[in-house]
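The structure appears right after this line, and notes come after that.
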Amino acid sequence: MPGRTTSHRWAARTLFIAGVLATITQADTVAEPYPDMPSIAPIGERIGKYIDIPPAARGPAVDPAKGYRLQDLGDGLYMVTDNIYQSMFLVYDQGVVVVDAPPNYASLIPRAIAEVSRQPVTHVIYSHSHVDHIGGVTALGGKPVIIAQQETLRLLKRAADSNRPLPGITFVDRYTLRLGGKVLELSYHGDGHEPGNIFIYAPQQRVLMVIDIVFPGWMPWRRFAVAHDVPGYFEQVELIRGLPWTTLVGGHVARTGTHADVDLQSEFMRDIKQAAATALANTRPGVGMNPLDAGNPWAGYDNYIDRVAADCVNAITAKWSKLLAAFDVYAWDQCYSMEQSLRID
Ligand SMILES: [Zn+2]
C-alpha cells in the first residue's frame, strides 16, 4: 500500500517523541499513544504516491488545445467541464442560460457556447455563493439576469466581491424558468452544503444538477465537501437518490453521475457513520496519555479523538480504498468530521 511507508515513518517519529517523553516521565504508558495506526497516511503527512484512480472514476478526456470538454445532455442542454469543475448551459430560441461559471475555465464558456449557438447569454443561475463555482461570471460578458436562492444573495452581499455580482431575482423555495419552450426548475431543500445551495432540474432532459454533494466515483471532498451541517448533507444525498433524474451534474470530477454512483456514495456514508459510531463506543478517553498532561483537557480530547479517527479509518479501509477514487486522500478528514457530528449534532 502506498501509505504504508509513510505510516512507518510517522510511527518512527512518534516513537522518538514518545521515547523522549518516557525519559522525562519514566512512564511506560506513553511509549505508543496510538497503536494500530492505519496504513492510510494521517492528515499533514506527505506521501510519495497516492492510491491509483480506479477506471470507474475516470471520464472522457479534455482536449488540451481547448481546455474544456462539452457534453451534450440533450434538447439544448450542455455540460462544460475541465474534468475538475462542472457547469451547464441551456440554449433556447433567443438566448442562453448559464448555470455556474467556475473561474477555472469561465473565460472559455463563451467559446463552448459558440460551438452550438450564436445566441447571447441572457440569464445566469448561481447554484450557490461559493467563489470557486460562480466567481468567473463576469467573463461571460453582457448584463445577464442573475437568479439565485435568497440565502445566496445574503451571503454575496456579505462577501462584497465584484467577481460575484448580486442576483437580480431571488426565490425562497421554488422558481421555474421557462424560456422558448425550455424549462429549468430551481428548488431549495435546506443546508446540505451551505445555505442557498439549490437543486437545478431540467425535466425535458431528466438532468439534475446539485453541486458539492455527490462526487461520482470519488471520495467526497474533505469533511463531506465542507458541509456546514453533516446530518443535512446526509439527508440531501438520500433526497438526490430518490429523485427521478437520469443524469446527475455534481459540479466536480471528470464525469456526470448515475443512480449507481449515488447508491455507492450513500453506502459509503452508511459505512463510515457505523464505523465512527463503533469507534466512539469502543474508545476510552485518557488511555496512553502522559500523566504530565493530566491538567490539559484539550490534549485529552485530542488524544481520544485521534484514536477514534484511527479506528474509524481502519474499519473502512479494506472495503473502500479501491472502490472510491482518492479514498486515501480524505479518509481521515471524513472520519474526523463523522465522529464530531455524531458527538455534537
Ligand atoms: Zn461549494
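All figures in this text were calculated on a predicted structure; none of them were measured in a lab. Counting starts at 1 for both ligands and their atoms, following the listed order.
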For F234, does the six-membered ring have the charged nitrogen or CZ of K273 within the cation-pi criterion, i.e. under 6.0 angstrom from the centroid and within 45° of the normal?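 Yes.
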Side chains of Y233 and S341: do they bring a donor and an acceptor to under 3.5 Å? no
May I ask you to check whether W221 and D212 show a side-chain donor-acceptor distance below 3.5 Å?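 Side chains of W221 and D212: no pair found under 3.5 Å.
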Give me the number of protein N, O or S atoms whose distance to the Zn ion (ligand 1) is under 2.8 Å.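 If we list every protein N, O or S atom nearer than 2.8 Å to the Zn ion (ligand 1), we get 4.
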Partner set under side chain to side chain contact (heavy atoms under 4.5 Å, CB included) for [X], not counting sequence neighbours:
X	result
E115	K66, Y68, L70
A254	N83
S266	V237, E238, R241, R270

